[in-house]
Amino acid sequence: MNNMKFMRLIVGCLVVVAMVKFFFSPSHEAHHKNHQVIQGESFWAQHHVRQQNVADHQEDPVNPEPQTDSQNVQKKEEVVAPEVIEAADNTATGPQRIVHLDLKGAPPKVKYLEQIFPLFSTLGANGILLEYEDMFPYEGDLQILRSSNAYSPEEIEEIKSLAKRHHLELIPLVQVFGHLEFVLKHEKFFHLREVASFPNSLNSLAPESMDLVKDMLSQVMQKHPESRWFHIGADEVRGLGESEDSKRWLETHNGDMGKLFLNHVTAVGRFMTAQHPGIRLILWDDMFRKLSPGSIKESELQSLASPMIWDYHAKMDVHEIGNLIHKYEQAGFQTVWFASAFKGASGIDQILTPIDHHFNNHLQWHKVIQSMPEHKSISFQGIVLTGWQRYEHHTVLCELLPVAIPSLAVCLQTLKYGDFNDAAQSDVQRMLGCEVQLKQNNCKGSTYPGADIYEMVKKINSSLGSSIQKIMKSYHIRGSFSPYHRKRNFANPRNLGFFHNSLKLLLDEWDTFLLGFRRSMEEIYYSDTLEEWLEENVNEHIETLHEMVVDVERIIKLNGQPKADHAKMR
C-alpha cells in the first residue's frame, strides 16, 4: 500500500511539473502574443476573417500598455515580424489597403519599385493601384500614346513579378471617359473630344470612341490577365453633354445627362466582363453623386462594377460619406471602395507633403470604416491611399514619391491603430528609421529608400530661396549692387569686394549640393522628371545667383569707371 501511495505521489509531481513547463514556456508565451495580434488587429489579418462579415473587420479599440524602449525592441522582434507575414497572405480576401501609383508624372524607374514594394508590404499595404496613363507600352494604332520613357513589356512583367513576390495585388487603372488628356492631346484623336477645344473628355457617342476604349483596355488586360479588379476611372467628365452628338442625344432623351454617362460606362463594363468573365470593375464615384439610386439600378451597372468614394479633405464629412454609402446600397451595389490620399491632394504645386493633413484625412476614413456594420447589404472592399503626382496631365508635379513616404507610413498605421499613437509611431520609426513629428511636418533621421531625396528637397524648399534673399538684403548689395548699378555697370570695386567672395561661395555650395541631388534623382527618375522638377523649383533661384556672380565680376573689372550713358544704351 505504501508503495502504491509513493507511486501516486511521484506521478502527481510529474503532472504538476509538466503543467508548469507548459504554461510558462517561451513557445506558449509566443503563441499567446500572436493570438493577441490577430484579435486586436483583425482588419490587418484578413485571412482570419470572413469576407462578408464587415463587423468582424473592426479593430480592437484597446491600445497596448506603454512600454520602455527595451520592451518595445523585444516586442517588435516577437510580434511585428509575424504580422507582416500574415498581411502578405491576404491579397485574395477581405478589405484591401492599396497604394496608388500615379504614373502621369514622375514615374519611378523599375529599380526603385524593387526597393519600395517590400516597404509598402511591410507598412501594411497589400496592393498597388497602377495608373498607367502614358507609361504603358501601347502598340499598333495606340503607339502614339506612349511616353518616351514608357515601361517596356519586359518591365511590365518585372513590375508584376515584384508585386507578386511581395504579396501586393496589382489593379490596373485606365481612364475611359474623363481625364483622357494623354490621349486627346494628340491631333489624331482631336475629333473624339467632347469639347473640341479641350482635351479633357471623350465624346462617347462618336463612332470611333468605343473602339479606342476597347483597344486601350484590351492591350492593358492582355498584360494583366490575372487581375481580379480593374479600375476604369470615369471621374470628372468635364464638358459632358456639350458636343453636337451629345446635344442631339439629350434632345431625344429628355436631357438625361446621367443616362448619357451611365450608358458609356455600362457599355465599357459589359465589354470587359464579356472578354474577362469574373472581373470586377471600379469607378470613381463623383459622377454618381447627383444620380438617383433608381437611375443607377436601371443601368445595371451595379452588377458589373463598384463605386470608389473619394475624399481627401482633412476635415472630411463622415456623415455625408455615410449618406453616399447608403445611396449606393440602395442602387444595388454589392461592394464599395474608399479612396483617401497620402500625397498630391493638398496643393497643385505642393513640394513637401503636409503629413498632419493626410493623417487627419485617415482619422476620418477610419471612422467611416468602423461604421460599415450599419450598412447591411453592401460590403467594404478596401481603401486606396491615393498618391497623385499631377492634378491632371497638363499641370505641374506635386510632391515626389520619396518625399511622401513618411506620410504614407503614418496613414497606413493610422488606419491600423485608429490613431497615430505610441504603437504606430514605434512601428513607423522601425520601418523608416525616422521619428515622425506631425506638428512640425517632419520625419527626423530617415533611412528608407529615397530618404536622401526627402532630405534634399526639404533643404531646397527651406533654404535655397531664403539664402539668396538673405544675401541680397546685405548692406553693400543694397547700397552698391542694385539693379540700377548692374544695368549701368557702375559700382565701386571696393564695395563689391565686401560680398563678392560670399556670393561666389554660396553659388559654389548650391552647385555642389545640386550635383548630388541630380545623382540621387537619376537613380529613381528619368531625365525628364529631373529637368521638370529643377525647372519648377530650382533653376530660377540658381540663375538669379549665377547672374549676380557674373555681374559682380564684370563690374569689378571696370575699376569704378563712369556709369554707362543711358542715352547710348537706348
Might you work through the salt bridge (Lys or Arg N to Asp or Glu O under 4.0 Å) test for Glu531 and Arg518, ending with a clear yes or no? CA-CA 9 Å; Glu531 296 310 316; Arg518 276 183 169 274; 2.9 Å; yes

To the nearest 0.5 Å, tell me how far Leu438 CG sits from Gln440 CD. 8.5 Å

Ring geometry between Phe517 and Trp533 (parallel below 30°, tilted from 30 to 60°, perpendicular above 60°): tilted

Rounded to the nearest 0.5 Å, the CE atom of Met221 sits from the NZ atom of Lys223 at a distance of 12.0 Å

Any side-chain donor paired with an acceptor under 3.5 Å for Asp356 and Asn441? no

Ser340 and Ile383 have their tightest heavy-atom pair at OG-CD1, 3.9 Å

Ion pair check, Glu455 and Lys458, cut-off under 4.0 Å: yes

Minimum side-chain heavy-atom gap His393-Glu133 below 4.5 Å: yes

Taking all non-hydrogen atoms of both residues into account, name the closest pair between Pro107 and Thr529 and its distance. CD-OG1, 4.0 Å

Distance-only donor-acceptor check, side chains Gln350 and Lys343, under 3.5 Å: no

For the pair Thr395 (side chain) and Tyr391 (backbone), establish whether a donor and an acceptor sit closer than 3.5 Å, ignoring hydrogens and angles. yes

Tell me whether Glu226 is salt-bridged to Lys160, with the criterion being a basic N under 4.0 Å from an acidic carboxylate O. yes

side-chain contact (heavy atoms from CB on, under 4.5 Å) assessment of Ser371 paired with Glu374: CA-CA 6 Å; Ser371 75; Glu374 299 171 12; 3.9 Å; yes

Applying ring-ring contact (aromatic ring centres under 6.0 Å, His included) to His100 and not counting sequence neighbours gives Trp388

Report yes if some heavy atom in the side chain of Asn421 is under 4.5 Å from a heavy atom in the side chain of Gln413; otherwise report no. no

Without swapping roles, check the side chain of Ser121 against the backbone of His166 for a donor-acceptor pair under 3.5 Å. yes

Taking Lys376 for the side chain and Pro373 for the main chain, is one N or O donor matched with an acceptor at less than 3.5 Å? yes

Run Ile369 and Leu415 through side-chain contact (heavy atoms from CB on, under 4.5 Å) and show every step you take. CA-CA 9 Å; Ile369 292 169; Leu415 289 174; 4.1 Å; yes

Would you say the side chain of Val436 lies within less than 4.5 Å of the side chain of Gln429, judging by non-hydrogen atoms? no

Given ring pair (Phe, Tyr, Trp, His ring centres under 6.0 Å), test Trp337 with Trp229 step by step and report yes or no. CA-CA 12 Å; Trp337 289 79; Trp229 294 89; 5.1 Å; yes

From CG (Leu170) to NE2 (His224), nearest 0.5 Å: 6.0 Å

Closest non-hydrogen atoms of Phe338 and Met372, given as atom of the first, atom of the second and distance, are CZ-SD, 3.7 Å

Using every non-hydrogen atom in the two residues, find where Ile524 and Gly450 come nearest and quote the distance to one decimal. CD1-CA, 4.0 Å

Which distance, rounded to the nearest 0.5 Å, do you find between the OG1 of Thr353 and the CG of Leu400? 9.0 Å

So, are Lys111 and Glu523 salt-bridged, with charged N and O less than 4.0 Å apart? yes

So which heavy atom on His358 is nearest to which on Ser346, and how close? NE2-OG, 4.2 Å

Any ion pair linking Arg390 and Glu532 (charged N to carboxylate O, less than 4.0 Å)? yes

Go through the structure and list residues passing side chain to side chain donor-acceptor pair (under 3.5 Å) with Glu435, not counting sequence neighbours. none

Does any non-hydrogen side-chain atom of Phe513 lie less than 4.5 Å from one of Ile460? yes

Could you walk me through whether Ile116 and Tyr448 pass the side-chain contact (heavy atoms from CB on, under 4.5 Å) check? CA-CA 9 Å; Ile116 60 171; Tyr448 63 86; over 6 Å; no

Side-chain heavy atoms of Leu162 within contact of Val110, under 4.5 Å: yes

Rounded to the nearest 0.5 Å, how far apart are NE2 of His541 and CG of Leu514? 11.0 Å

Using modelled atom types only, decide if a donor and an acceptor are shared between the side chain of Asn126 and the backbone of Arg97 within a distance under 3.5 Å. yes

Is the Tyr328 ring parallel, tilted or perpendicular to the Phe333 ring (thresholds 30°, 60°)? perpendicular

Sub-6.0 Å ring centroid separation between Phe136 and Tyr151: no

Nearest non-hydrogen partners of Leu119 and Pro449, listed with the distance: CD2-CD, 4.2 Å

Is there a side-chain contact between Leu173 and Tyr132 in this structure, where contact means two heavy atoms from C-beta onward sitting under 4.5 Å apart? no

Would you say Glu157 has more than 12 foreign heavy atoms packed within less than 6.0 Å of its CD? yes

Output side-chain donor-acceptor pairs under 3.5 Å for residues 313-323, partner residues at least two apart or in another chain, one line each.
| unit_1 | atom_1 | unit_2 | atom_2 | d |
| --- | --- | --- | --- | --- |
| His313 | ND1 | Asp311 | OD1 | 2.9 |
| Asp317 | OD1 | His319 | N | 3.1 |
| Asp317 | OD1 | Glu320 | N | 3.1 |

Using the salt bridge (charged side-chain N to carboxylate O under 4.0 Å, His left out) criterion, which residues pair with Arg146? Sequence neighbours excluded. none

Go through the steps for Asn200 and Leu180 under the test side-chain contact (heavy atoms from CB on, under 4.5 Å), then give the verdict. CA-CA 6 Å; Asn200 299 70; Leu180 273 174; over 6 Å; no

In terms of relative ring orientation, are Trp310 and Trp284 parallel, tilted or perpendicular, with 30° and 60° separating the classes? perpendicular

Should Leu464 and Asn537 count as side-chain neighbours, where that means a heavy-atom distance under 4.5 Å? no

Using distance only, find each side-chain donor-acceptor pair of residues 230-237 under 3.5 Å and give its atom names and separation, not counting sequence neighbours.
| unit_1 | atom_1 | unit_2 | atom_2 | d |
| --- | --- | --- | --- | --- |
| His231 | ND1 | Gly233 | N | 3.0 |
| His231 | ND1 | Ile282 | O | 3.4 |
| Asp235 | OD1 | Gln175 | NE2 | 2.9 |
| Glu236 | OE1 | His179 | NE2 | 2.6 |

Between Lys104 and Glu181, does the salt bridge (Lys or Arg N to Asp or Glu O under 4.0 Å) criterion hold? Intermediate values first, please. CA-CA 10 Å; Lys104 64 175 171 281; Glu181 294 91 351; over 6 Å; no

Working to the nearest 0.5 angstrom, can you tell me the gap between Glu169 CD and Ile128 CD1? 11.0 Å

Within residues 361-459 or reaching into it, pairs that qualify as disulfide bond (SG atoms under 2.5 Å apart) - sequence neighbours excluded: Cys434-Cys443

Evaluate side-chain hydrogen bond (donor to acceptor under 3.5 Å, both in side chains) for Ser379 paired with Thr335, printing each intermediate quantity in order. CA-CA 5 Å; Ser379 63; Thr335 56; 5.5 Å; no

Is there side-chain contact between Pro354 and Phe359, with at least one heavy-atom pair below 4.5 Å? no

Could you tell me whether a side-chain N or O of Lys416 sits under 3.5 Å from a main-chain N or O of Leu123, the two making a donor and an acceptor? no

